[in-house]
Each structure stands twice: as structure tokens, then as C-alpha cells.
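Scroll down for the structure; my scribbles are underneath it.
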Amino acid sequence: MATRKAEINGKRPFRLKEYTFSCEDVPRLSCTDPEVDRLISNEQPVVITDTNLVSSALHWDLDYLGKNMGDGMFTVYSSHTNKFKYFDDKKGNNVKNFREPMRHLDMTFQDFAKRLCNKKPEDESLYMQQTLNDSVGRRIVVDFLGFNWNWITEQQKKHNWGQLTANLLLVGTEENITPSHYDEQQNFFAQIKGKKRFILFPPSQFGCLYPYPIYHPHDRQSQVDFDDPDFEKFPEFKKAAALEAVVGPGDVLYLPTYWWHQVECVQGTGLNISVTFWYKCGPTDKIEYPLKPQQKVAMMRNIEKMINQALNDPKEVPEFMQNMVLGRYT
Ligand SMILES: CC1(C)c2ccccc2-c2ccc(C[C@@H](CC(=O)O)C(=O)C(=O)O)cc21
Ligand SMILES: [Zn+2]
């Protein structure tokens, strides 16, 4: 596997996997830079430094969390590979012989920490993904309340976003990869420990990334295996051109809604801890033409949902869609 040296402001080099597509850097700016507001208003990704968004949590590590996360059960995913491909189990029976690519376990934080400490390279990879709620211990609540809510609430209002829907705590090991997908919310992604590499594609490259059908459990995920792309089946993937951001402790990545992202914990940077801040998108007050790519993706999703409801049988959808397009719009 080809890798290349990468550095963050001259710090210790670490190795990043190389892919078939080009990677340009996402801008990395201080929160005091007015360019940050312009990029967020234009729904362009940007790594924002000096926000102090999660400074009150930069001391979090496995030992501290083990002592303070309380004895509630937490959601942990386990995967035989190092990939954690999201799936919607409610759509499992829409696709014949769908195999779940990772197992959903529930365990206390202490159990999770113990399994991480005793983990051998051949063991399954583990990824905790847990909404921060009131089941956590008092000191975690104090750290959580210490987040820079002034700054992020100011952003939410300035850009007319909807409500904060979830703070997800993510704790994983350095080999974990979340394959390319898009979400339908605005996301401020805060890195607490270790480094994460984001490979981003704009919503305008929807045609290069071939998402699964909407009724598929892997809805919103790309069908393309970045490690071994099938250019016969996915020829447009040759035209994909990525943006890349490596975030370290204290960095915040603004990840705009509908932007494709693959997220890789960076090898050699140890335990990985992140917190996401997901917000509902703001209302579209006035429709302007030409429509934005995000709006077209939302339209395609609505049309696919309508067709699925009208046909009422997933097996009939491929032929219907092909009859509508092949030889007529291709
Ligand atoms: C893979 C995992 C653990 C998972 C399993 C099952 C259901 C949901 C999820 C889920 C949701 C978000 C993330 C965080 C991040 C990716 C990353 O940081 O790895 C990301 O994609 C984002 O912030 O939008 C990670 C996960
Ligand atoms: Zn995501």
C-alpha cells in the first residue's frame, strides 16, 4: 500500500494511505479569521483552530473516561476488518442476503477500556459511538458544560442553522476507518485525542460516488471501495477529486451537510477521541436558480422515496428506474 509522509506544522511525520484520486488541502484558519465565516456561509469545509470548543475535554483519555463515564451501557461497534460501514438495520430485509458488516455491542465503559487495553492486532476492531447524555458521571458533565458553547451557539445563530440534535462521543483505535458517506446535518467535528484524516468530496460529485439505493441498509454510503475501485462498474469515480483535512486535538472541522466524507484514524497517533456537534439545516427561505447541488441531492432522495412507496416493492425499483433513464437520458 502506497503511503506518503505528512506533517502538521512540522510536527512528527505520520503516514497517510494514498488513493487513486487527487487530494487538495482544506483551508486551516484561526476562528478570528473573517474568511471562516465566509466559508461556513458558503457551506465549504474549513478546519478552525483556537475555538477552545472542547478545551475542557483535552485531558480525556481511557483512564479518565473509565473512572468518570459512570456504569451505564455504551454503544460499541465491532468489525472484523478495520472498516465501520454504517448500516440502517431497519432496511436490512429490503436486500436479499444482506450481511451486517459490523456487530453492535453494548457494554460499560470499563469493559470497553479493558478490551482496548488487551486488544491484540488480530482481534476485532472496536469503535464506541455514544450520544453524550445524562448517564455519564459528574466530572464528564462538568467538562461537557465547559465546552465553548458561546462560540458554537454564535455560529448556529449567525448561519441560521436549526437545533443541535446530537453530541456524539467517538472513541476508537488508530486503525479505524469510517468509509465514505454523507449526512444530512451540519456538523462541527471536534478532535480531542489522536489525529483523524478526512477525505471530502463536494455534493456536486454525487455522480462520481455512486451511493447505494435509498432503500438499501447502506443508504448514503458510497458503493465504491476506495482501496480497490471497480472502474468498470463506477467509471465516473475516475473523475473524483478530493479535499483532505487532518485534524488533531483542539481542531474543529466544519463539515457541511451533504458533503461526502471518509474518516480515517491516523496510524501511529494512538487512541482516538472525537465529539461531533450535529445541527439541523436552516430553512431555505427563497429558492434561487440554478439549484445548489445539495438541493438536487435532497430532490433525488425525495423522488426515490416516492417511487419506492408507489411501487411498494424494492425488487421493482431497478427496472422502473432503468426504463425511465437508459437510452432516454443516457
Ligand atoms: C462509524 C460510526 C462509529 C457509526 C456506526 C454506526 C452508526 C453510526 C456511526 C457513526 C456516526 C458518526 C461517526 C463520526 C464520523 C466518522 C468518524 O469520525 O469515524 C462521521 O461520519 C461524522 O461525524 O459524520 C462515526 C460513526
Ligand atoms: Zn458522517
Side-chain angles (χ1 to χ4, degrees), residues 16-17 26 43 45 47-48 53-54 74-92 98 100-107 112 116 124-132 152 164-203 209 211-212 216-222 226 242-249 251-267 269-281 294 297:
L16 296 176
K17 267 193 331 186
V26 167
E43 298 199 86
V47 175
I48 312 166
L53 179 58
V54 292
F74 289 89
T75 303
V76 176
Y77 290 89
S78 128
S79 167
H80 288 295
T81 69
N82 60 332
K83 293 187 178 169
F84 289 80
K85 195 168 182 176
Y86 170 75
F87 64 94
D88 178 346
D89 48 13
K90 293 188 294 301
K91 300 179 177 177
F98 173 70
E100 297 191 351
M102 57 191 177
R103 280 185 313 133
H104 174 162
L105 314 168
D106 283 319
M107 61 183 81
F112 173 67
L116 281 196
E124 291 187 331
S125 296
L126 296 173
Y127 211 161
M128 171 183 286
Q129 175 258 65
Q130 175 64 41
T131 309
L132 278 174
I152 202 163
L164 173 70
T165 57
N167 287 111
L168 220 53
L169 169 66
L170 293 136
V171 185
T173 35
E174 64 179 35
E175 73 277 3
N176 291 6
I177 291 181
T178 300
S180 187
H181 67 282
Y182 66 87
D183 301 302
E184 296 175 86
Q185 305 215 7
Q186 303 286 8
N187 184 354
F188 274 122
F189 187 96
Q191 191 59 16
I192 287 173
K193 193 170 185 59
K195 287 189 171 78
K196 264 179 180 174
R197 175 208 200 177
F198 280 75
I199 297 169
L200 308 174
F201 298 94
L209 287 152
Y212 286 85
H216 195 284
H218 287 321
D219 173 26
R220 293 184 291 113
Q221 323 277 319
S222 172
F226 284 10
L243 291 180
E244 181 182 51
V246 177
V247 291
D251 291 340
V252 174
L253 170 69
Y254 165 55
L255 180 55
T257 182
Y258 289 109
W259 272 69
W260 295 85
H261 46 290
Q262 169 146 319
V263 189
E264 306 175 351
C265 295
V266 175
Q267 297 284 357
T269 66
L271 182 78
N272 215 293
I273 304 177
S274 320
V275 171
T276 67
F277 294 72
W278 269 318
Y279 289 86
K280 278 211 185 313
C281 301
Q294 294 89 320
V297 175

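Numbering of ligands and ligand atoms starts at 1, following listing order. Heavy-atom basis, side chains included; hydrogens, waters and symmetry copies ignored. No experiment lies behind these values; they were computed from the predicted model shown.
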Study note, to complete from the structure: One finds that the ligand 1 atoms under 4.0 Å from a non-hydrogen atom of Met102 are 5 (C), 6 (C)
**Study point:** Shortest heavy-atom approach to atom 15 (C) of ligand 1 - which of Phe277, Phe189, Phe87, Tyr182
**Key:** Phe189
Point to revise | Atom indices of ligand 1, in the order listed, that fall short of 4.0 Å to a heavy atom of His181 | key: 21 (O)
Point to revise | Test side chain to side chain contact (heavy atoms under 4.5 Å, CB included) applied to Ile199 and His261, Glu264, Lys17, the passing residue | key: Glu264
Review point. Do the side chain of Gln186 and the main chain of Thr257 share a donor and acceptor less than 3.5 angstrom apart?
Key: yes
Check your understanding: Any sub-3.5 Å donor-acceptor pair from Ser222's side-chain atoms to Leu209's backbone N or O?
Key -> yes
Review point. Just by modelled atom types, is the Glu43 backbone N or O under 3.5 Å from a matching donor or acceptor in the Trp259 side chain?
Key: yes
Study note, to complete from the structure: Heavy-atom proximity to atom 17 (C) of ligand 1, picking from Phe198, Trp259, Tyr127, points to Tyr127
Review point. Under 30°, 30 to 60°, or over 60°: which ring-plane class applies to Phe188 and Tyr279, parallel, tilted or perpendicular?
Key: perpendicular
Point to revise | Heteroatom distance test (Tyr86, ligand 1): nitrogen or oxygen, under 3.5 angstrom | key: no
Practice item. Angle at the Zn ion (ligand 2): provide the value between NE2 of His181 and NE2 of His261, rounding to 10 degrees. Key: 90°
Review point. Is a side-chain donor or acceptor of Gln130 paired with a backbone partner of Thr75 at a separation under 3.5 angstrom?
Key: yes
Practice item. Determine the interplanar angle of the Phe98 and Phe87 rings, folded into 0 to 90°, and report it as parallel if under 30°, tilted if 30 to 60°, perpendicular if over 60°. Key: tilted
Practice item. Quick one: look up the protein heavy atom nearest atom 24 (O) of ligand 1 and list residue, atom name and how far away it is. Key: Asp183 OD2, 2.8 Å
Check your understanding: Which of the atoms of ligand 1 are close to Thr276, meaning less than 4.0 Å from one of its heavy atoms?
Key -> 23 (O)
**Study point:** Atom of Asp183 closest to the Zn ion (ligand 2), considering N, O or S atoms
**Key:** OD2
Exercise for review: Select the closest option to atom 9 (C) of ligand 1 among Gln262, Gln129, Gln130, His261, judged by heavy-atom distance.
Suggested key: Gln129
Exercise for review: Record the part of Phe84 in heavy-atom contact with ligand 1 below 4.0 Å; permitted values are side chain, backbone, both and neither.
Suggested key: both
**Study point:** Contact with ligand 1 for Trp278, non-hydrogen, under 4.0 angstrom
**Key:** yes
Check your understanding: Below 3.5 angstrom, do we get any N/O pair linking Lys196 and ligand 1?
Key -> yes
**Study point:** Check: Gln267 main-chain N/O paired with Glu174 side-chain donor or acceptor under 3.5 Å
**Key:** no
Point to revise | Heavy atoms of other groups near His104 NE2, more than 12 under 6.0 Å | key: yes
Practice item. Could you tell me whether ligand 1 has any atom less than 4.0 Å away from a heavy atom of Met128? Key: no
Review point. Considering only heavy atoms of Thr178, which atoms of ligand 1 have at least one such atom less than 4.0 Å away?
Key: 1 (C), 16 (C), 17 (C), 19 (O)
Exercise for review: Give a yes or no on whether the ring-centroid distance for Tyr77 and Phe84 is below 6.0 angstrom.
Suggested key: no
Point to revise | Test item: Gln294 side-chain N/O and Val297 main-chain N/O as donor-acceptor pair under 3.5 Å | key: no
Check your understanding: Which one of Ile177, Leu170, Asn176 has a non-hydrogen atom at the shortest distance from atom 13 (C) of ligand 1?
Key -> Leu170
Exercise for review: List the closest protein heavy-atom neighbour of atom 23 (O) of ligand 1: residue, atom name, distance to the nearest 0.1 Å.
Suggested key: Asn187 ND2, 3.1 Å
